[in-house]
Number of protein chains: 2
Amino acid sequence: MAEQPRGSVTLMDVAARAGVSLATASRALNGSTRKVGDDLRERVLDAARSLNYAPNAQAQAMARGRTNVVGLVVHDIADPYFSSIAAGVMEAAEGQHVLVTLGSTLRRPDREVDYLVAMRGQRSRAVILAGSRMDDSSVADALRREIDIFESDGGIVVAISQKQLPVDTVVIENRLGARDLASSLVDLGYRRFGVLAGPDAMLTARDRVHGFREGLGRAGVDLDSAYVVHGAFTRDGGHQAMGTLLGAVGAGELDCVFAVNDVMAVGAMVACREAGLTVPQDLGLAGFDDISTLRDINPALTTVRLPLEKVGATAFELVASAADRTKPRTRRIKGEVVLRQSTRST
Amino acid sequence: MAEQPRGSVTLMDVAARAGVSLATASRALNGSTRKVGDDLRERVLDAARSLNYAPNAQAQAMARGRTNVVGLVVHDIADPYFSSIAAGVMEAAEGQHVLVTLGSTLRRPDREVDYLVAMRGQRSRAVILAGSRMDDSSVADALRREIDIFESDGGIVVAISQKQLPVDTVVIENRLGARDLASSLVDLGYRRFGVLAGPDAMLTARDRVHGFREGLGRAGVDLDSAYVVHGAFTRDGGHQAMGTLLGAVGAGELDCVFAVNDVMAVGAMVACREAGLTVPQDLGLAGFDDISTLRDINPALTTVRLPLEKVGATAFELVASAADRTKPRTRRIKGEVVLRQSTRST
DNA sequence: TTGTATGCGTTATCAA
DNA sequence: TTGATAACGCATACAA
């Protein structure tokens, strides 16, 4: 990428054409409340319009010492979980004169730190870390360190998922949701469960497994760890994990499988079909998230609904209101069990 | 959102700590190749590291007269079509020291212009317009006008979808894909078609309908315009349009329905189910895009596969290579018919 | 209310 | 090779 000449009109051009000083032009266009006479203001606005003037945001940032850019870092923007959160952020940002810069780590935790550094360089006003925290102390330490620097520069950091970092956080009640789901499934009569668990280091996955086990325990049902199979947090991960699970257990040993997210559940459903099993007659299947795009698969997926757009919007609200905060705040978002056709009815 | 103090480390701090001049520090850190003595360079790098120095991108932008920001404007980031394209863009941008700013218009065409203005203010190096062009001359004129300004400022504009604007474009062969699909469906024995057509003003939708009709025509099959129902380019739009269509025709009058995208097709499939129709036994159903998240719905959708991530990557490549261009370039991306269970087999 | 002048952090031009 | 200094475009403290 080579350089391009940039011949933008500047505030000076506008001021010259309006026959006023730089300061007056600035005040008329961007300055705070009422300080410019109506006639001059009009002249300046006219000049700006006829010259197609757009304030140089970089220069404004330098002069003001702050930008109107907010960073959003996700694990994978193609994943509907994250694209929904992104939509929520974008909608909340709408009309706030904020531009959102996107980072997609491709599920490599260390890239989160890279993006944070890049966004500090850009002097982003805030960064929203949308993905699950990981159980990896070296990455977490590096991240914490970079967050400290970012914040000491006056930046705001908001996390979504677990309260692992000392920043404003939108906590997703994964554990609670999974517990409720387990309880509902036991109510439906299921007793012998398998779990497609996602990567062990991913706290979101782990919380869901823990919560699920907890819910079963309260109902007096035991979860055999042999039936907990880890796999990637993706459709293929679910497909593969289900294959492994089915290969490891005899027929009839399982009556219900919980995939820790909907995307994995869909992969699992395909694996079932390939194995000649019918859901829910031969096996119940449940997911987590209630991804809207997946709501119409057949049989419809029993899951835990998460208001993902609201999650994104809430994160943005934390950013927008961060000036008044004294210490890290927490917003809790609960999931709601939704029983559908992928599990049997009572 | 109130202001925050920003106490960033500046290049001056680094220079001072290294005991060199500003110029030397600049050259050692960001300047071009080999011009600083090894010892001084080392001192500067050490100082920068120990101070956690991150260059102020705004200041660099001012001094250099250009930024490393690229804008990406989509209709709806939550739509898997766009999130896949976004993923392609992000991946291509990876490691290029480019930051991507996201705009989501929520399907309001005029907001595209707003984002373009905002990104011009930000002095984005380029903007990628990812959504379908619309048949709305007032919006198109406004957009064209703003593009002129953006380009005269040295900015690069790349469009995805139709070649409606005088800019580098990744053309998606909607017409061709739909024609091939029609041909394949006729080969399967279908004769009486319905179409769920999306908004009439949206060129992507319109091209697909035209191509489909064209393909049918070549095979000697007529498409009754009464069976072409318009609706929103969404799941609900497909659901509703299918309901309308089913209400308007008698049983057996239709043997196959083409929804102009997969998301609508999914809604249509639900409408069929609700009407007691089985796909493909009672009615064939086809979509367009081959959205990966929807690949596992049952019955699997016959569709036209579009390499969406590649589309995004190609758009970014056009941005990256724009310096050498003399006149607007075109990259054509073809779709490929994929026959699955939602249409009968031969 | 309006204008003048300074500084924001960096790159790049010019001397040394 | 290194250093001093003038831009870059804007906001704002201060002066008028």
Quiz item: When you measure from the side chain of B/Met62, which nucleotide among C/dT10, C/dG3, D/dG9 comes out closest?
Solution: D/dG9
Self-check item: Short side-chain N/O contact from A/Asn30 to OP1 or OP2 of D/dA11, under 4.0 Å
Solution: yes
Quiz item: For the pair made of CG in B/Leu51 and P in C/dG9, what is the distance, rounded to whole Å?
Solution: 14 Å
Quiz item: Of all the nucleotides listed (C/dG3, D/dG3, D/dC10), which has the minimum atom distance to the side chain of A/Ser21?
Solution: C/dG3
Quiz item: Whole-Å distance between C/dG7 C1' and B/Gln58 CD?
Solution: 16 Å
Quiz prompt | Among C/dT11, D/dT12, C/dG9, the one nearest A/Arg27 by side-chain distance | solution = D/dT12
Practice problem: Would you mind telling me which of D/dC10, D/dC8, D/dT2 lies closest to the side-chain atoms of B/Ala63? | Solution: D/dC8
Quiz item: Considering only side-chain heavy atoms of A/Ser26, which listed nucleotide, D/dT12, C/dG9, D/dA4, is closest?
Solution: D/dT12
Exercise. Under 4.0 Å between any heavy atoms, over every strand shown, what does B/Thr10 touch: base, sugar-phosphate, or nothing? Just pick one.
Key: sugar-phosphate
Quiz prompt | Residue A/Ala23, side-chain atoms from C-beta onward, closest of C/dT10, D/dT12, C/dT2 | solution = D/dT12
Self-check item: Closest to the B/Val20 side chain, choosing from D/dG3, D/dG9, C/dG3
Solution: D/dG3
Quiz item: Under 4.0 angstrom, heavy atoms only, what part of the nucleic acid is B/Leu22 near: base, sugar-phosphate, or nothing?
Solution: base
Quiz item: Are A/Glu317 and A/Arg329 close enough for a salt bridge, meaning some N to O gap below 4.0 Å?
Solution: no
Self-check item: Gap between atoms CG and P, on A/Leu29 and D/dA11 respectively (whole Å)
Solution: 8 Å
Practice problem: Output yes when at least one side-chain N/O atom of B/Thr24 is less than 4.0 Å from OP1 or OP2 of D/dG3, else no. | Solution: yes
